[in-house]
Structures are given as structure tokens and as C-alpha cells.
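What follows is a single structure, written as C-alpha cells, with notes after it.
Note that this is a predicted model, so its numbers are computed, not measured.
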Amino acid sequence: MIKKLMLAFAALAMSSGIAFAQVDVNKADAAALDGVKGVGPSMSKAILDERTKGAFKDWADLQGRIKGLGDKKAAKLSEAGLVVNGKGKEGAAAKPAAKDAKPSQTADAKAAM
């Protein structure tokens, strides 16, 4: 019985972590925005202040209305989970692969064996 409860709790904890991975600038409160790596209190205040004037349409709109939010910073925020209307920034770098082994080198090494 205890094992089942622990398993259920672990599953709930894992699923809630996945659910909160993305933070939409048009829906989030200050605490949620502050939780995104790279967004501090001043940026979250600026986002909330600008949002009172109207929702952000896309990343270009967000960058145009938030002072100091350039392409590099926007890409980093997108990688950290910030989204505008459910979409990440286009051109944001994808997470790097674990190994950068070239397929031809791997095939050559296997052939030599």
C-alpha cells in the first residue's frame, strides 16, 4: 500500500514538473515570470505593465515593447521555457546532443575491427 502511494506521489510530482515547464508571457503572473531563468523582477514588471496595454502578439511584439530584450536574450529566454502565445522563439538554439560523434568516424572504427 505504501509503495503504491509513493509511486502515485512520484508520478504526480513528475507530471506537475512537466506541466510548468513553459511560461506564457500573456498568462503568467510575476512569480511565474520570475521563475524563468533570465527574467528578473524588473523584466517581469515591465512585461506585466506592457501586457495591461494589450496581449503580446508574437516574439517581435514582445521584443519591441520590452526595453533591452534583443534577439540573443529572447532566444535564451525561449530556451528557458518562456513562450508567447504558446510558441517559442524561432531560431532559438536547440539543446545540444549528448555526443557530437560523426557517423563516418563511427562507421570507420567499426569497419576496422
Side-chain angles (χ1 to χ4, degrees):
M1 179 70 165
I2 292 176
K3 287 183 180 181
K4 287 182 182 180
L5 286 174
M6 290 176 61
L7 182 61
F9 180 76
L12 178 65
M14 289 176 58
S15 66
S16 66
I18 293 170
F20 296 111
Q22 292 185 340
V23 177
D24 196 318
V25 294
N26 287 319
K27 298 175 184 173
D29 60 1
L33 290 170
D34 285 342
V36 176
K37 183 178 179 182
V39 177
S42 61
M43 183 177 284
S44 62
K45 182 180 180 336
I47 289 171
L48 293 174
D49 289 345
E50 281 295 320
R51 196 170 69 190
T52 61
K53 299 174 186 175
F56 296 102
K57 297 175 186 165
D58 53 21
W59 277 94
D61 185 31
L62 177 68
Q63 287 179 256
R65 291 166 55 185
I66 303 299
K67 184 179 177 181
L69 185 57
D71 287 334
K72 287 183 181 180
K73 180 75 172 179
K76 287 183 181 181
L77 293 176
S78 180
E79 290 171 12
L82 194 68
V83 295
V84 179
N85 292 326
K87 296 182 182 177
K89 171 103 171 111
E90 285 186 28
K95 302 258 182 202
K99 290 186 178 182
D100 288 338
K102 294 181 182 176
S104 61
Q105 289 177 344
T106 307
D108 290 341
K110 287 182 181 178
M113 292 182 168

Run the side-chain hydrogen bond (donor to acceptor under 3.5 Å, both in side chains) test against [X] and tell me which residues pass, sequence neighbours left out.
| X | answer |
| --- | --- |
| Ser44 | Asp34 |
| Lys57 | none |
| Asp29 | none |
| Asn85 | Asn26 |

Of all pairs that satisfy salt bridge (charged side-chain N to carboxylate O under 4.0 Å, His left out), the ones with a partner from residues 44-53, not counting sequence neighbours: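 Only Lys45-Asp49, Glu50-Lys53, Glu50-Arg65 qualify under salt bridge (charged side-chain N to carboxylate O under 4.0 Å, His left out).
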
Residue pairs involving residues 83-92 (criterion salt bridge (charged side-chain N to carboxylate O under 4.0 Å, His left out); sequence neighbours excluded):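 Only Asp71-Lys89 qualify under salt bridge (charged side-chain N to carboxylate O under 4.0 Å, His left out).
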
Connected via hydrophobic side-chain network under 4.5 Å: Leu62 and Val83: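 Leu62 does not cluster with Val83.
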
Asp61 and Val84: CA distance, side-chain angles, deciding distance, side-chain contact (heavy atoms from CB on, under 4.5 Å) verdict: CA-CA 9 Å; Asp61 185 31; Val84 179; over 6 Å; no

Euclidean distance, Leu69 CG relative to Ile47 CD1, rounded to 0.5 Å: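 Rounded to the nearest 0.5 Å, the CD1-CG separation comes to 7.5 Å.
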
Distance in Å, Lys37 NZ paired with Leu77 CG, rounded so as to fall on 0.5 Å steps: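 Lys37 NZ to Leu77 CG: 11.0 Å, rounded to 0.5 Å.
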
Pairwise side-chain contact, Asp24 with Phe56, heavy-atom cut-off 4.5 Å (strictly under):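 Counting from C-beta outward, Asp24 and Phe56 never come under 4.5 Å.
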
Under 3.5 Å donor-acceptor, Lys73 side chain and Gly38 backbone: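 Judged by distance alone, yes, a pair lies under 3.5 Å.
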
Set of side chain to side chain contact (heavy atoms under 4.5 Å, CB included) partners for Ala28, sequence neighbours left out: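 If we apply the side chain to side chain contact (heavy atoms under 4.5 Å, CB included) test to Ala28, skipping adjacent residues, the hits are Val23, Ala32, Leu33.
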
Minimum heavy-atom distance between Val36 and Ala80, given as atom pair plus value: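 So the minimum-distance heavy-atom pair works out to CG1-CB, 3.9 Å.
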
Closest heavy-atom pair and its distance - Ser78, Trp59: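 Looking at all heavy atoms of both residues, the closest pair is CB-CZ2, 3.9 Å.
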
